[in-house]
There are 2 protein chains.
Amino acid sequence: MPTLSEVARHAGVTPATVSNVLRNRGRVGESTRQRVLEAVDALGYRPHLAARALAEGRAPTLALMVSSIANPFYPEFALAVERAARTSGHFVIICNTNEDPLTGRAYLDQIAGTLSEGVLVTNANLQFADLHVTESRGTPVVLCMWERPNEPPGLPCVAVDFRLAGELAGKHLLELGHRRIGAIVGSKASGIHAARYEGFVDALRAAGVRKNRVKHAADTIQGGYSAARELLEADPQLTAIFATNDLPALGAMHAAADLGLTVPADLSVMGITDIQLARESRPALTTVAVPTVEVAGLAVSLLRELIESSYGQAGPGEANVPMRISSPPKLVVRASTGTPRSR
Amino acid sequence: MPTLSEVARHAGVTPATVSNVLRNRGRVGESTRQRVLEAVDALGYRPHLAARALAEGRAPTLALMVSSIANPFYPEFALAVERAARTSGHFVIICNTNEDPLTGRAYLDQIAGTLSEGVLVTNANLQFADLHVTESRGTPVVLCMWERPNEPPGLPCVAVDFRLAGELAGKHLLELGHRRIGAIVGSKASGIHAARYEGFVDALRAAGVRKNRVKHAADTIQGGYSAARELLEADPQLTAIFATNDLPALGAMHAAADLGLTVPADLSVMGITDIQLARESRPALTTVAVPTVEVAGLAVSLLRELIESSYGQAGPGEANVPMRISSPPKLVVRASTGTPRSR
DNA sequence: TTGAAAGCGCTAACAC
DNA sequence: GTGTTAGCGCTTTCAA
């Protein structure tokens, strides 16, 4: 691969001039400019990104930490992040923690601040302590899907009102006439879905429904499947199941199918998020949509700002920790919910 | 972030010694070794990967080119690639081409050889010419899912016998007694599923079935859905649908549902690949499994070899282009196929 | 066993 | 306008 100096030699100028031409810095005469461009072309020169990163003291990549790329939500989110990142010339390195805090920390240790100049964190089971460490080392961190706008996490974040999402789900089911509703709370391990469930319970309370069955589960189709079966065995009179995420909701639909129940005639099912599969399932899943693309955009731009300001003044950043709030979740009614029918 | 020299100063040695300690190079006295390690710890030193990359002349990352991370096959594959890559200390940069050759080329131009020292290519709609260019610039390239073991592509690759996959699918359906089978051929644009369809047709021919309906479609659930509806409208007597990929097969199942057909009683449906969703759909999808994890492993290790040898002797590599062949695809019978029933 | 020195490819002052 | 110079943080000969 040709280097800057080779291009310079070829064009009869110095490396600095080539650099100037390439980045439109400093004044360069039109004729030399042409000569340089020709040389670049002739040699097929491409800047060495690692060298540039070293010289500039900043890297052209952002790291995106996810718990598992196998959960279809994350690829969707990653795609949105990538699109947003490209607008500022950033590449995205996707880091799978596989729900393992140690793997997460290892990634942070290695790439934060050296290969990437900023870190985006989704529910990746990371220790906040580790995140604070990388932040204190000068690499900005943004939490992408903070679930409680009213309780800032002490780290820059984009918050989504997930309590509201749960409430909207509960209201929808109540309005259809359901009173015996089972709940599946995903992300058992991290407990990150608590706000969603609280919102759901709030809705029930407001309607005078004082209790309901709950089952905690893994945030997967399989997890939802098992939980739904247990719920339905424990109380065959359930007319609806609310899951805190689309994946377990999909699993609940499968469980219904295997139990000979028709959705929504025998059992209504709904989730939260509106991943692509929600649209593509049969029956199509009713859900509360979270503005994924918007969140990705907000997160990337917040991270960008933090990066810029971190180069401005030294130090771990200003005193107040910024938080962006996404537009509220919205109910999306599809085919998996309907009025209850007595069984 | 502390640098090597700071650690060195702290330990009362020179940067070279610290470097030696960190990489177990050169002989270092046990006592200095300890002192250095302590300093590393005390300062929280982490090597600057970009600087190291520059000094070593090689990057710690691999690029994985995919057409769309929204297609659930790719995340699964990416995960397998990431796992394999980590064993050699490589990070993976996932590059979404979004089926656009220009985006693909832009990625190649920017990161190949500068941010990443090797490129893994899945069906990302890349021009072979572009791949040859990056190869000739000294960055090894490996095609991950070459569909025709008998027709080497002129680029290092891992081949999977997809013709056989199609044949196995055809045979399975024939053995169940199906004779009127519709086919959905995915990846319309790239034509990359041709071998699968050929295998399917071969199986039909061998059984004396001379014609069948085909429909080309996008490699998505939606694409399969539309194609299946058209197929079923054109010939309501179809008793089975074979799709060259799981995603369109899933779409075909949805189409059946919307048309009031029960799978598999009224219509058998099957695909190829065995993505996770195939297991998780209702009914669970019969398919021909491709050894995804194995392919990822083979691809990464081949790429690693090419990288090593490219540092050994200069030049674009040896004359013979290596090809690894995965173990053969295997039929996985689940619940979406059964014996035909006359309608 | 350790240190000195050069250089990876590029950028950024600053001088000419 | 263009060249000179000094690094960015690390590795790696080669001397000592």
Side-chain angles (χ1 to χ4, degrees), chain A residues 1-37 39-40 43-60 89 110-115 117 137-139 311 314, chain B residues 1-37 39-40 43-60 89 110-115 117 137-139 311 314:
Chain A
M1 293 218 328
T3 70
L4 235 208
S5 335
E6 282 167 32
V7 173
R9 206 175 315 135
H10 196 96
V13 296
T14 64
T17 303
V18 177
S19 180
N20 280 333
V21 169
L22 259 29
R23 11 193 49 238
N24 286 315
R25 281 285 177 84
R27 257 123 272 303
V28 181
E30 188 49 31
S31 66
T32 32
R33 167 186 203 70
Q34 283 309 324
R35 245 182 316 134
V36 167
L37 258 19
V40 163
L43 269 50
Y45 169 79
R46 297 167 312 143
H48 193 294
L49 264 27
R52 179 178 282 180
L54 184 58
E56 284 185 322
R58 55 184 301 176
Q110 294 200 71
I111 67 179
T114 71
L115 266 190
E117 60 172 353
R137 277 174 168 147
T139 306
Y311 289 126
Chain B
M1 294 215 329
T3 70
L4 234 209
S5 337
E6 283 166 32
V7 174
R9 205 175 316 137
H10 196 95
V13 296
T14 63
T17 303
V18 178
S19 178
N20 280 334
V21 169
L22 260 28
R23 10 195 52 236
N24 286 315
R25 284 284 177 83
R27 256 125 272 304
V28 182
E30 190 47 31
S31 67
T32 32
R33 168 186 202 69
Q34 284 308 325
R35 243 180 319 132
V36 168
L37 258 18
V40 163
L43 269 52
Y45 169 79
R46 298 167 311 143
H48 194 296
L49 265 27
R52 181 177 280 181
L54 184 58
E56 283 185 323
R58 55 183 302 177
Q110 294 200 70
I111 68 178
T114 72
L115 267 191
E117 60 173 352
R137 277 172 169 150
T139 306
Y311 289 125

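Excluded from the calculations below are hydrogen atoms, water molecules and symmetry mates; all remaining heavy atoms, backbone and side chain alike, are included.
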**Q** Would you kindly give the OH-to-C1' distance between A:Tyr45 and C:dG9, to the nearest whole Å?
**A**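 For the pair A:Tyr45 OH and C:dG9 C1', the rounded distance is 7 Å.
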
**Q** Could you work out which one of D:dT12, C:dG9, D:dG3 sits closest to the side chain of A:Thr17?
**A**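 Looking only at heavy atoms from C-beta outward on A:Thr17, the closest nucleotide is D:dG3.
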
**Q** Taking only N and O in the side chain of B:Arg23, is any of them less than 4.0 Å away from OP1 or OP2 of D:dT12?
**A**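 Answer is yes, contact under 4.0 Å.
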
**Q** Give, for atom CZ of B:Arg25 and atom CZ of B:Arg27, the distance between the pair rounded to the nearest 0.5 Å.
**A**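 So the gap between those two atoms works out to 11.5 Å.
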
**Q** If you check the A:Leu54 side chain, which of C:dT1, D:dT11, D:dC8 turns out closest?
**A**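 Taking heavy atoms from C-beta onward, the closest nucleotide is D:dC8.
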
**Q** At less than 4.0 Å, is any side-chain N or O atom of B:Arg27 found next to OP1 or OP2 of C:dT2? Yes or no.
**A**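 Checking B:Arg27 against C:dT2: no side-chain N or O falls below 4.0 Å of OP1 or OP2.
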
**Q** Taking side chain as C-beta onward, heavy atoms only, is B:Pro47 less than 4.5 Å from B:Leu22?
**A**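 Sidechains of B:Leu22 and B:Pro47: no contact.
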
**Q** Nearest to the side chain of A:Ala51 - C:dA5, C:dG9, D:dC10?
**A**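 Of the candidates, C:dG9 comes closest.
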
**Q** Which nucleotide in the set D:dT2, C:dA12, D:dT12 lies at the smallest distance from any side-chain heavy atom of A:Ala16?
**A**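 Of all the options, the side chain of A:Ala16 is nearest to C:dA12.
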
**Q** Tell me which nucleotide among C:dA4, D:dG1, C:dC10 gets nearest to the side chain of A:His48.
**A**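 Nearest to the side-chain atoms of A:His48, counting from C-beta on, is C:dC10.
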
**Q** Kindly give the heavy-atom pair with the smallest separation between A:Thr139 and A:Ala112, and that separation in Å.
**A**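 Shortest heavy-atom contact: OG1-C, 3.7 Å.
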
**Q** Round to a whole Å and report the spacing from CD of A:Glu117 to P of D:dC8.
**A**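 It works out to 19 Å between those atoms.
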
**Q** Any idea which heavy atoms bring B:Asn24 and B:Arg33 closest together, and the distance?
**A**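 Smallest heavy-atom distance, with atoms named: OD1-NH2, 3.2 Å.
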
**Q** Quick one: A:Leu43 CG to C:dG9 P, roughly how many Å, whole number?
**A**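 These atoms are roughly 14 Å apart.
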
**Q** With a 4.0 Å cut-off on heavy atoms, is B:Ser19 in touch with a base, just the backbone sugar-phosphate, or nothing at all?
**A**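 Result for B:Ser19 = base.
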
**Q** Between CD of B:Glu117 and OH of B:Tyr311, what distance do you get to the nearest 0.5 Å?
**A**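 Going from the CD atom of B:Glu117 to the OH atom of B:Tyr311 covers 4.0 Å.
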
**Q** Between A:Arg25 and C:dA12, does any side-chain N or O lie under 4.0 Å from OP1 or OP2?
**A**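 Yes, because at least one side-chain N or O of A:Arg25 sits under 4.0 Å from OP1 or OP2 of C:dA12.
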
**Q** Kindly give the heavy-atom pair with the smallest separation between B:Pro60 and B:Ala53, and that separation in Å.
**A**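 Shortest heavy-atom separation between B:Pro60 and B:Ala53 comes out as CD-CB, 4.2 Å.
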
**Q** Please tell me which of B:Ser31 and A:Pro15 maps to the more 5' nucleotide of DNA chain C, matching each residue to the nucleotide holding its nearest heavy atom.
**A**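 Result: B:Ser31.
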
**Q** Of all the choices, D:dT2, C:dG9, C:dT2, which nucleotide is nearest to the side chain of A:Thr3 once you look at every atom?
**A**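 Looking only at side-chain atoms, A:Thr3 lies closest to C:dG9.
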
**Q** Output the rounded distance in Å from CD (B:Glu56) to P (C:dG9).
**A**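 Distance check: B:Glu56 CD to C:dG9 P gives 14 Å.
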
**Q** Could you tell me if the side chain of A:Thr3 sits less than 4.5 Å from the side chain of A:Arg9, heavy atoms only?
**A**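 In short, these two side chains do not touch, never coming nearer than 4.5 Å.
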
**Q** Select one nucleotide: of D:dT11, C:dA12, D:dC8, the one nearest the side-chain heavy atoms of A:Ala55.
**A**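 Output: D:dC8.
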
**Q** Is the shortest side-chain N/O distance from A:Arg52 to OP1 or OP2 of C:dG9 below 4.0 Å?
**A**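 False: A:Arg52 side-chain N/O out of range (4.0 Å or more) of C:dG9 OP1/OP2.
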
**Q** If you look at every strand shown and take non-hydrogen atoms under 4.0 Å, does B:Gly29 touch a base, only sugar-phosphate, or nothing?
**A**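 Sugar-phosphate only.
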
**Q** In whole Å, what is the span from the CG atom of A:Asn20 to the C1' atom of C:dC10?
**A**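 Atom-to-atom, A:Asn20 to C:dC10, this comes out as 12 Å.
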
**Q** Please report, rounded to the nearest Å, how far the P atom of C:dC10 is from the CG atom of B:Leu115.
**A**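 My rounded result for the distance is 13 Å.
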
**Q** Given atom CE of B:Met1 and atom C1' of D:dG9, what is their separation to the nearest angstrom?
**A**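 Rounded to the whole Å, the gap is 9 Å.
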
**Q** Have a look at A:Val13 and tell me which of A:Val18, A:Val28, A:Val7 forms a side chain to side chain contact (heavy atoms under 4.5 Å, CB included) with it.
**A**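 That would be A:Val18; it is the only one of A:Val18, A:Val28, A:Val7 passing the side chain to side chain contact (heavy atoms under 4.5 Å, CB included) with A:Val13.
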
**Q** I need the CD1-P distance between A:Ile111 and D:dG9, as an integer number of Å.
**A**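 Spelled out: CD1 on A:Ile111 to P on D:dG9 is 19 Å.
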
**Q** Looking for any heavy atom pair under 4.0 Å, which part of the strands does B:Thr114 touch: base, sugar-phosphate only, or nothing?
**A**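 The residue B:Thr114 makes no contact with any strand.
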
**Q** Which residues, if any, of residues 4-14 of chain B bring a heavy atom under 4.0 Å of DNA chain D?
**A**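 Under 4.0 Å from DNA chain D: B:Leu4.
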
